[in-house]
Amino acid sequence: ATRDDASRKADKSLIAPLLPITPEDRLLQRSSDVRKDYRAFERTRVQHTPIVDEDDHPATIENPMLVGDSNGLGQNVFGGVILSQMYVTAQRAIEQHLGFEPGCPTGSDTFVCVRQDRMDFLQPAKIGESLRSKAVITKTFTTSIEVQVECEAREAAGTPARLVATTYFVFVQLDGDNRPTAAKPWTPATPRQLERERSAVIRRRLREDEATTFGNSI
């Protein structure tokens with residue numbers, strides 16, 4: 001093991017166990033255990049499928065990271081800046097799917113974000129780098145649409161990109177009275193898209209199980 005590995009193990013050993021006191025504490029702790037089990041499950045059984053196929057025609061946004069995007073502690077980009085760009089890119093993927101022009105006011109009124117799953121910050125992005133986010137639809141359900149988003153950072157055009165963050169957003173399509181309505185269907189066509197769809201179905205089942213088990217308990 002490297003010194004970094006040993007340091008990480010030592011750091012983990014310093015975390016004192018959290019002892020639940022009330023029934024609500026025990027419920028919340030159990031819920032966190034479910035989410036932890038899911039993260040371990042997804043890493044081994046349903047591997048994260050990167051967005052690399054040009055056939056996917058992902059929605060993309062790319063912005064240079066300026067001094068104002070810093071987290072205030074150095075040269076790293078503030079996580080909220082990364083998340084904001086990823087969210088807007090997810091919106092753009094929905095607009096693209098529904099046939100609206102990017103940023104169309106009418107388009108953005110037809111869907112709302114109701115859930116975010118698995119926001120993983122994999123490594124820092126640096127001030128001065130270019131941040132490029134890509135979003136694709138993974139699955140359409142009855143009234144909802146799941147979108148997968150990845151964010152890459154690169155020092156300059158032509159240099160290798162580094163994957164810095166991934167997440168999933170769930171949007172619900174609305175009618176004129178702001179009630180959920182049937183989402184425009186999306187059909188996977190490639191093996192990679194089919195794998196994303198299978199993963200999306202598993203995530204939805206886990207969300208439903210969590211809501212059933214914990215939703216009305218606190």
Side-chain angles (χ1 to χ4, degrees), residues 38-63 82-120 122 130-154 157-158 160-175 180-210:
Y38 167 55
R39 290 193 295 270
F41 169 80
E42 188 178 61
R43 283 195 298 269
T44 58
R45 175 65 179 84
V46 183
Q47 294 297 324
H48 175 77
T49 308
I51 302 172
V52 293
D53 289 347
E54 291 302 320
D55 291 344
D56 286 331
H57 304 293
T60 62
I61 293 178
E62 186 164 1
N63 289 308
I82 298 174
L83 175 58
S84 176
Q85 180 170 315
M86 295 175 80
Y87 176 75
V88 174
T89 311
Q91 285 186 310
R92 187 163 295 182
I94 296 288
E95 291 169 342
Q96 186 172 290
H97 171 62
L98 298 180
F100 294 108
E101 292 296 322
C104 171
T106 303
S108 61
D109 288 342
T110 64
F111 58 90
V112 293
C113 181
V114 297
R115 175 91 180 199
Q116 182 185 5
D117 274 342
R118 291 298 307 276
M119 181 66 198
D120 291 323
L122 305 175
S130 178
L131 203 63
R132 183 171 185 254
S133 48
K134 303 179 291 183
V136 293
I137 290 173
T138 60
K139 173 72 175 172
T140 52
F141 298 93
T142 304
T143 61
S144 62
I145 304 173
E146 188 192 73
V147 182
Q148 176 183 338
V149 191
E150 289 185 346
C151 198
E152 302 171 338
R154 70 175 75 239
R162 299 178 296 104
L163 185 62
V164 298
T166 68
T167 194
Y168 302 92
F169 293 102
V170 179
F171 293 86
V172 168
Q173 195 156 343
L174 304 176
D175 63 15
T181 187
K184 179 182 177 181
W186 173 84
T187 304
T190 67
R192 191 178 296 275
Q193 291 171 350
L194 288 166
E195 177 61 27
R196 292 197 194 104
E197 184 182 58
R198 285 191 289 268
S199 180
V201 170
I202 292 174
R203 281 189 296 276
R204 180 182 173 91
R205 287 173 181 166
L206 286 164
R207 289 194 295 268
E208 291 173 342
D209 288 346
E210 186 181 68

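- By the side-chain hydrogen bond (donor to acceptor under 3.5 Å, both in side chains) test, Arg154 is found to be paired with no residue, residues two or more places apart in sequence or in another chain being considered.
- Remark: Ala90 pairs with Val147, Val149, Phe169, Phe171 by the side chain to side chain contact (heavy atoms under 4.5 Å, CB included) rule, at least two apart or across chains.
- With sequence neighbours excluded, no residue forms a side-chain hydrogen bond (donor to acceptor under 3.5 Å, both in side chains) with Gln173.
- Under the 3.5 Å distance criterion, the side-chain polar atoms of Gln96 are matched with a main-chain donor or acceptor of His57.
- Using a 4.5 Å cut-off on side-chain heavy atoms (C-beta onward), Glu195 and Pro191 make no contact.
- Scanning for side-chain hydrogen bond (donor to acceptor under 3.5 Å, both in side chains) contacts around Thr143 gives an empty result, with sequence neighbours left out.
- A 4.5 Å side-chain heavy-atom check between Gln148 and Thr166 finds every atom pair outside the cut-off.
- Checked against side chain to side chain contact (heavy atoms under 4.5 Å, CB included), Thr60 has the following partners two or more places apart in sequence or in another chain: Pro58, Arg132, Lys134.
- Under the side-chain hydrogen bond (donor to acceptor under 3.5 Å, both in side chains) criterion, Thr89 pairs with Ser133, sequence neighbours left out.
- Applying the side chain to side chain contact (heavy atoms under 4.5 Å, CB included) rule to Val170 yields the partners Val114, Arg115, Ser144, Glu146, Arg207; only residues at least two apart in sequence or on another chain are considered.
- Residues Met86 and Met119 form a side-chain contact, since some pair of their non-hydrogen atoms from C-beta on lies under 4.5 Å apart.
- Judged by distance alone, with hydrogens and angles left aside, the side-chain atoms of Glu150 form no donor-acceptor pair with the main-chain N or O of Leu163 at under 3.5 Å.
- Contact between Ile82 and Cys151 at its shortest, heavy atoms only, is CG2-SG, 4.1 Å.
- The minimum heavy-atom distance linking Thr138 with Trp186 is given by the pair O-CZ3, 3.2 Å.
- Side chain of Lys184 to backbone of His97: a donor-acceptor contact under 3.5 angstrom is found.
- Once rounded to the nearest 0.5 Å, the distance linking CZ of Arg204 with CZ of Phe141 reads 5.0 Å.
- Side-chain contact check for Asp56 versus Arg196: some heavy-atom pair is nearer than 4.5 Å.
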